[in-house]
Amino acid sequence: MRVVIVCESCFGNTGSIASAVADGLRDAVPDADVSVLDVSGASPDAAAAADLLVVAAPTHTFGLSRPGSRRAAQQMGATITPSVTGMREWLGSLARTDVGGHVAALDTRLSSALLWGSAARAMMRRLRSLGGTSLAPPETFWLRDMAGPPLDAEQSRARLWGAMLGERLVSATPVR
Ligand SMILES: Cc1cc2nc3c(=O)[nH]c(=O)nc-3n(C[C@H](O)[C@H](O)[C@H](O)COP(=O)(O)O)c2cc1C
C-alpha cells in the first residue's frame, strides 16, 4: 500500500506534524510504503501512484499560502523561498487523473479566537473536486505562535490521526 504525504511548511511545524502522521500510518500499517515529500519537489505522478494522498499545509490569511504570504513568512524568519511552488499552485497543477484514490488533508494554524479559515478545508475541496475520496474530515493541528511550536500533545495527536487514517485505509481497500 502506498501513502504519499505532500507537505508545505514555512517554519517547519507542518513538516514535523506531517512526519508524526507518517509515523502513525506506519504504526497502523507496518508494510505500507509511506513517503513525505516537500511540495516544491513533488510530482503529480507521485500523487497518481498513491493509494492514499495526504496533503499538509499551514493556514495563511484564512486559507492556502500565496507568494506574498510566503514572503511575509520569510520576513518573519521562515526558511523558505517564496517563489517556489506552494500547495495552492501544486494542487492547481493536478488533473483528475492524478487523484483517483483516497485523500486526507491537514493544516496547522494559530490557536486564536481572532483567526479563522483553514487551509485543510480548501485543500479537501480541491481534492474532492478532482475525484478524491475523503478518508477523514479536514484536520487542524494547533500552534502556540506564528513560528510554532505546536501546542502540547499535538505531535502525539498527529501520530494517532495518522494511525486512524491507516486503519481506515486498510478497511477501505479491497484485498487483491
Ligand atoms: C502571512 C501569514 C498569514 C497567516 N495567517 C493565518 C491565519 O489566517 N490564521 C491562522 O490561524 N494562522 C495564520 N498564520 C499562522 C500560520 O498558520 C503558522 O505560521 C503556520 O501554521 C506555521 O506552519 P509552518 O511552520 O509549517 O510554516 C499566518 C502566518 C503567516 C506567515
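Numbering starts at 1 and runs along the sequence shown. Side-chain atoms are counted along with the backbone in the values below, which use heavy atoms only and exclude waters and symmetry mates. Indexing begins at 1, ligand by ligand and atom by atom, following the structure's order.
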Does the side chain of [X] reach to within under 4.5 Å of the side chain of [Y], using non-hydrogen atoms?
| X | Y | answer |
| --- | --- | --- |
| L169 | L135 | yes |
| T59 | T108 | no |
| L53 | L127 | yes |
| S111 | R144 | no |
| S134 | R128 | yes |
| H102 | D51 | no |

Please work out which of T14, T59, N13, T79 has its closest non-hydrogen atom nearest to atom 14 (N) of ligand 1.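 Result: the heavy atom closest to atom 14 (N) of ligand 1 is in T59.
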
Please say whether [X] places an N or O atom under 3.5 Å from an N or O atom belonging to ligand 1.
| X | value |
| --- | --- |
| S9 | yes |
| T108 | yes |
| A72 | no |
| L143 | no |
| C10 | yes |
| E8 | no |
| G12 | yes |
| G15 | no |
| L110 | yes |

S69 vs T61, side-chain hydrogen bond (donor to acceptor under 3.5 Å, both in side chains): CA-CA, chis, key distance, verdict: CA-CA 8 Å; S69 70; T61 328; 5.1 Å; no

Could you check T14 against E8 for side-chain hydrogen bond (donor to acceptor under 3.5 Å, both in side chains), going step by step and ending with a plain yes or no? CA-CA 7 Å; T14 315; E8 174 187 334; over 6 Å; no

D107 and ligand 1 - part of the residue with a heavy-atom distance under 4.0 Å: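 The answer is neither; D107 stays 4.0 Å or more away.
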
In chain order, what residues pass the side chain to side chain contact (heavy atoms under 4.5 Å, CB included) check against A22, with sequence neighbours excluded?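 Side chain to side chain contact (heavy atoms under 4.5 Å, CB included) check on A22 returns I5, R26, V34, V36.
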
Does the pair E139 and R157 meet the rule for a salt bridge (Lys or Arg N to Asp or Glu O under 4.0 Å), with working shown? CA-CA 11 Å; E139 187 62 64; R157 194 167 69 81; 3.1 Å; yes

Could you check whether D107 and T140, counting side-chain N and O atoms only, form a donor-acceptor pair closer than 3.5 Å?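 The answer is yes; a qualifying pair exists.
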
In terms of atom number and element, which parts of ligand 1 are under 4.0 angstrom from non-hydrogen atoms of [X]?
| X | result |
| --- | --- |
| T61 | 3 (C), 4 (C), 5 (N), 6 (C), 7 (C), 8 (O) |
| F62 | 7 (C), 8 (O) |
| A73 | 31 (C) |

Write out the residue and atom name of the closest protein heavy atom to atom 20 (C) of ligand 1, then the distance separating them to 0.1 Å.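 Residue, atom and distance for the closest contact: P58 CB, 3.5 Å.
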
Identify, for atom 15 (C) of ligand 1, the protein heavy atom at the shortest distance, and state residue, atom and that distance.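 The closest one turns out to be M146 SD, 3.7 Å.
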
Answer with yes or no whether G148 contacts ligand 1, where contact means a heavy atom under 4.0 Å from a ligand atom.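 Flag not set, G148 not near ligand 1.
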
